[in-house]
2 protein chains.
Amino acid sequence: MRACAYVTQRQVAEEAGVSRTTVSLVLNAVPDAHISPPTRQRVLDAARRLDYYPDAAARRLASGKTRTIALVWHRAPDQTYRDAFLPGLLDGISRAARRYGYHVLFRPVAVDEPNGTYVELARGRHTDGLVLSGPRSDDDRLHRLHAQGFPLVLHGRLQDTEIPSVDVDNVRGAMTAVNHLLGLGHRRIGLITNAPTVYAASQQRLDGYRRALEEADIVYDEALVRQGNFDEESGYTAVIDLLTLKHPPTAVFIASDMVAIGALRALQEQGFSVPSRTAVVGFDDITAARFITPALTTVHVPTFGLGWSAGELLIRIIEGDQPHQIHVELDTELVVRESCGAAPPHRPGPLRGCYVNER
Amino acid sequence: MRACAYVTQRQVAEEAGVSRTTVSLVLNAVPDAHISPPTRQRVLDAARRLDYYPDAAARRLASGKTRTIALVWHRAPDQTYRDAFLPGLLDGISRAARRYGYHVLFRPVAVDEPNGTYVELARGRHTDGLVLSGPRSDDDRLHRLHAQGFPLVLHGRLQDTEIPSVDVDNVRGAMTAVNHLLGLGHRRIGLITNAPTVYAASQQRLDGYRRALEEADIVYDEALVRQGNFDEESGYTAVIDLLTLKHPPTAVFIASDMVAIGALRALQEQGFSVPSRTAVVGFDDITAARFITPALTTVHVPTFGLGWSAGELLIRIIEGDQPHQIHVELDTELVVRESCGAAPPHRPGPLRGCYVNER
DNA sequence: CCGCTTTAGTAACGCGCGTTACCATTATAC
DNA sequence: GTATAATGGTAACGCGCGTTACTAAAGCGG
């Protein structure tokens, strides 16, 4: 395996018959450098002829900037659910990065890893900033990094912090879902949360549910509320619990598709056919939502947009632009499919549901 | 946004009362350096006290190694299908990288990007090696990189090349699927390919289908074969075409879950209920396979394993170990669910299918 | 012609670290 | 006691590039 021969600035300089400084000035298009057009052209030609690429390490060392951002991806017990977001998020971040001339480092953090091992990326100057997805609230090294002025953006808001963040507007998303069910005539609408309400997103979706009911003059009834826990199983048991009520809800808003999928299964097993007897609306719009039967009506989370926003916000912070908004909230979009009863249940054709992912 | 103050080796040296050289020798645990235990300890203490992390750029420049590998992810028209592999693959690569002390750069290549823009990663010394997923056969810069001795690993084999690669054993995977159907008593087994057979994987899965039939002394009948094209729609139309036969197959092996999902839809619409009238086995085991009705029996592709193998193989090459195998083929595993008719159709509980993803 | 500014380009420094060559001081061998 | 080796450590170089300070030549007004 022969080692690659790399072309350096010095070689370009020799080829062009100028000094190395001149090469640097030309290739970086330094504004106030006095380089005559012919010289300039000679340098450019030489660089092209030799297929010159600057050495990233040298450039970073000299400039003090890595032009790299990193995505720190906290793996968690709810992984299947989180995996659904990764491709879109990463694509969004990467595209934003590329747009501004940055590279992207990916750093998963395993469940059993001690807190804050990723700080090496920051302190070791591998990256100019971090996007953290799935931050842990007990992560003190995170706050220390922020206190030191290291550029950070969170995906998924952490409570009580001034660290910039990017997330969907969970309250409005939940309201859209519930309003849709209200619009279909439902009055007894159950709720299964996506997770325990210690999670900020979970609490927010609950809030949205309550606000939508409130605005429709329906009193909030805690008997119709159950707690999900990221996975199918939690939805399965939660909805069965709901069905034991004397008056089970005619519709259920389930604040996570993964949980909803478990719930759908239980509903069908118990003879509560969806949507004819019980309408269901989920949240997240994971890929499987389109494929399950009945196809799941759900609140679409713009994963690409979240990635893009996180990347762009982070880069702005790195480059010292004072962003006007340090907490970005993106809008969701209701995707009407079959499970809510508003769409024709069996449109022939390969796709189910009126919505096709925009990418 | 206050700039971070970074700790350098020099500061550690001062704190410990030794020279910078000594610090470097101690922290890198240089074998033949003569450092007394007390001095050694003083340096370690000082480094810890100051929370010292070496500057990545400086280290790269001095050592000539980036200790970074990159995943080049070719986005393509079949994106939904490929996205299903990204989380596992990336996790596998990252874990392998971390195991060997490497970092991972992620670089998506958009559909409309000109060929070979990613070579900047290599030539600019951002990375010591590349994993390319979804390589294009007309990518001449790829071959040039390889000819220059730059470490490369392909995910998905390219024909006629000596570039190291990692993939599943498509032939055996297809054979497993078809053998399973044969074992259930089926004799007329149709095939819908995952893609046009110019794709190597597609041809291999077709080969596996043929070999399985051959070994069962069943003559290959081209009338039972249709071509898929990555997406649901292609499966939808392909299977409808199969159903126009006087004697439609009693079982269909569909070499892609995505294509199979479209086919399932068509079968159900046409009254060919699955699995009672037509058995179906897919390939890939995408997340949706578990959730569709009936749950799809399919050939599981170990995405994590592929990523791990690619990462490990690449790092071996980078570090000069001559790997004994430059083309790694991983085994698949048949996941029996409902669509083949071998599993009980309605086991109560939140999960469908006997298989739970191992992660 | 002189002094001043502008133009065109270069020499030299430093980024932080790995590494090699080198220098003192002791221990060891004879 | 002296030659030799081992021990403990340091000074200095170079990695490739960005950048600053400087020089030399040319333009230009008086």
Side-chain angles (χ1 to χ4, degrees), chain A residues 3-44 46-47 50-67 101 120 122-126 128, chain B residues 3-44 46-47 50-67 101 120 122-126 128:
Chain A
C4 297
Y6 288 114
V7 178
T8 72
Q9 239 178 37
R10 168 161 289 108
Q11 294 173 44
V12 176
E14 275 174 29
E15 174 85 8
V18 296
S19 73
R20 201 185 55 70
T21 306
T22 304
V23 175
S24 176
L25 294 176
V26 169
L27 295 183
N28 291 322
V30 176
D32 294 333
H34 303 285
I35 309 289
S36 68
T39 306
R40 205 180 107 78
Q41 196 54 49
R42 279 214 318 285
V43 171
L44 292 176
L50 298 179
D51 198 22
Y52 168 75
Y53 286 83
D55 182 299
R59 185 181 264 229
R60 288 170 183 199
L61 183 56
S63 72
K65 293 164 190 317
T66 68
R67 295 199 78 81
E120 177 247 348
R123 309 265 334 207
R125 275 139 293 177
H126 283 86
D128 293 335
Chain B
C4 298
Y6 287 115
V7 178
T8 71
Q9 243 179 32
R10 168 160 288 109
Q11 294 173 45
V12 175
E14 275 174 29
E15 175 84 8
V18 296
S19 74
R20 200 185 56 70
T21 306
T22 305
V23 175
S24 177
L25 294 175
V26 169
L27 297 184
N28 291 321
V30 176
D32 295 333
H34 302 285
I35 309 288
S36 68
T39 306
R40 204 181 108 79
Q41 198 54 51
R42 280 215 317 285
V43 171
L44 291 176
L50 297 180
D51 197 24
Y52 168 76
Y53 286 83
D55 182 299
R59 185 181 265 229
R60 289 171 182 198
L61 184 57
S63 73
K65 293 163 191 319
T66 67
R67 295 198 80 78
E120 177 247 348
R123 309 267 334 209
R125 274 140 293 177
H126 283 87
D128 294 336

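Side chains are part of it too, since the values below use all heavy atoms of this structure and drop only hydrogens, waters and symmetry mates. The chains referred to below are lettered A, B, ... by the order of the sequence lines, with proteins before strands, and numbering in each begins at 1.
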message = Using a distance-only criterion (donor-acceptor N/O pair, under 3.5 Å, no hydrogens), is the base of C:dG18 paired with the side chain of B:R20?
response =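 Answer yes: a donor N or O sits under 3.5 Å from an acceptor.
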[X] side chain N/O closer than 4.0 Å to the phosphate oxygens (OP1, OP2) of [N]?
X     : N      : answer
B:Y6  : C:dC17 : no
B:Y53 : C:dC17 : no
A:T22 : C:dT10 : yes
B:R59 : C:dG18 : yes
B:T21 : C:dT19 : no
B:Q9  : C:dG18 : yes
A:T39 : C:dG9  : yes
A:S24 : D:dG18 : yes

Tell me, do [X] and [Y] make a side-chain contact under 4.5 Å, heavy atoms counted?
X     : Y      : value
A:L44 : A:Q41  : yes
B:V12 : B:V7   : yes
B:R60 : B:H126 : no
B:L50 : B:E14  : no
A:R59 : A:N28  : yes

message = What residues from residues 26-37 of chain A pass a heavy-atom cutoff of under 4.0 Å to DNA chain C?
response =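 Residues of residues 26-37 of chain A under 4.0 Å from DNA chain C: A:H34, A:I35, A:S36.
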Once you round it to whole Å, what is the distance between [atom2] of [N] and [atom1] of [X]?
X      : N      : atom1 : atom2 : answer
B:R10  : D:dA12 : CZ    : P     : 12 Å
A:R42  : C:dG9  : CZ    : C1'   : 11 Å
A:H126 : C:dG16 : NE2   : P     : 16 Å
B:R60  : D:dG16 : CZ    : P     : 16 Å
B:K65  : C:dG18 : NZ    : P     : 14 Å

Main-chain N/O of B:R10 paired to B:R20 side chain as donor or acceptor, under 3.5 Å = no
query = Taking A:R125 for the side chain and A:R123 for the main chain, is one N or O donor matched with an acceptor at less than 3.5 Å?
reply =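 Yes, A:R125 side chain to A:R123 backbone: donor-acceptor pair under 3.5 Å.
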Nearest-0.5 Å distance that lies between atom OG1 in A:T22 and atom CD1 in A:I35 =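 Here the rounded value is 5.0 Å.
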Closest-nucleotide ordering on DNA chain D, the 5'-leading residue of B:S63 and B:R40 =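 The residue mapped nearer the 5' terminus is B:R40.
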remark   = Among the nucleotides D:dT10, C:dC17, C:dC15, whichever has the atom closest to the side chain of B:L25 is D:dT10
message = So for the helix from C:dC1-D:dG30 to C:dC30-D:dG1, with five pairs setting each end axis, what is the inter-axis angle to 10°?
response =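 The angle separating the two end axes equals 50°.
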message = According to side chain to side chain donor-acceptor pair (under 3.5 Å), who are the partners of B:Q11, at least two apart in sequence or on a separate chain?
response =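 Side chain to side chain donor-acceptor pair (under 3.5 Å) check on B:Q11 returns nothing, list empty.
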message = Are more than 12 heavy atoms, taken from residues, nucleotides or ligands other than A:R67, located less than 6.0 Å from that residue's CZ atom?
response = yes
